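Each remark here refers to the structure printed beneath this line.
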Amino acid sequence: MNGKDVRVGACLLAGNMDSMVRFYRDTLGFDTQWNGGDFAEFETASGELSLFMYSRKAFVQAIGESYVPPKGINQTFEIALWLPCYADVDAEYERLLKLGVQFPTGEPITFSFGIRNFYVADPEGNLLEIGSTSET
């Protein structure tokens, strides 16, 4: 396998598909054709199957494991959502603030290495980094 030829997809395992799909669709604005089942795919600029969701209960059945619901903020991974510029980061922060979204680290910060970002926690505690690497 050559990594340069591989497309990467991120799958979120969801305990409550309805709540999670509503957050990603209605709050964050990702389009989906979800039909209420155990699988949802979201449209992104990265293409097909770049962001999708699968029922945690269905997944653990498929792999023969026990279902253990997550608690608190997931500290094992994050998904980065890259916006065109710093102003877009600030605008998205303000939009989400009005919707009552949880920000574990507070308002946007610009780091010395050139990224401006903030973090959002989804309904199940998964961290989303919303940021940009471009001032303009």
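Worth saying up front: this structure is predicted, and the values here are computed from it rather than measured.
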Taking V68 as the starting point, is it possible to reach F77 by hopping between hydrophobic residues whose side chains are less than 4.5 Å apart? no

Does I109 belong to the same Ile/Leu/Val/Met/Phe/Trp/Tyr cluster as L81, with side-chain heavy atoms less than 4.5 Å apart forming each link? no

Check the pair E78, L128 against side chain to side chain contact (heavy atoms under 4.5 Å, CB included), reporting the backbone distance first and the verdict last. CA-CA 5 Å; E78 73 170 54; L128 305 173; over 6 Å; no

Hey, could you give me each pair passing side chain to side chain donor-acceptor pair (under 3.5 Å) that has a residue in residues 100-115? Not counting sequence neighbours. T110-R116

Give a yes or no on whether the backbone of T27 and the side-chain of R95 come within a donor-acceptor separation of less than 3.5 Å. yes

Where do L83 and D88 come nearest, in terms of heavy atoms and distance? CD1-O, 3.6 Å

Let me confirm one number: the CG-CG distance from D122 to L127, rounded to the nearest 0.5 Å. 8.5 Å

Shared hydrophobic cluster for I115 and V89 (ILVMFWY, side-chain gaps under 4.5 Å): no

Do you know the tightest heavy-atom contact between T32 and R25? CG2-CD, 3.9 Å

Ring center gap for F42 and F52 short of 6.0 angstrom: no

With sequence neighbours left out, which residue pairs that include part of residues 37-59 fulfil the salt bridge (Lys or Arg N to Asp or Glu O under 4.0 Å) condition? none

Do L12 and L49 land in one hydrophobic cluster if side-chain heavy atoms of ILVMFWY residues count as linked below 4.5 Å? no

Nearest 0.5 angstrom please: M17 CE to W34 CH2, how far? 5.5 Å

Quick one: CZ on F30 to CG on L51, what's the gap to the nearest 0.5 Å? 5.5 Å

Could you go through the side chain to side chain contact (heavy atoms under 4.5 Å, CB included) check for I73 and Y119 one step at a time? CA-CA 11 Å; I73 299 293; Y119 289 90; over 6 Å; no

Would you mind listing every side chain to side chain donor-acceptor pair (under 3.5 Å) that reaches into residues 127-136, with sequence neighbours excluded? N117-E129

Sequence neighbours excluded, the answer for side chain to side chain donor-acceptor pair (under 3.5 Å) partners of N74 is T76, N126

CG of N16 to CZ of F23, rounded to nearest 0.5 Å, is 13.5 Å

Atom CZ of residue position F59 - does it have more than 12 heavy atoms of other residues, nucleotides or ligands inside 6.0 Å? no

If you look only at pairs with a residue in residues 79-110, which of them pass as a ring-ring contact (aromatic ring centres under 6.0 Å, His included), with sequence neighbours excluded? Y93-F103, Y93-F118, F103-F118

Examine Y54 and M20 and state if one hydrophobic cluster contains both, with Ile, Leu, Val, Met, Phe, Trp and Tyr joined whenever side-chain heavy atoms are less than 4.5 Å apart. no

With sequence neighbours left out, what residues match D18 under side chain to side chain donor-acceptor pair (under 3.5 Å)? R22

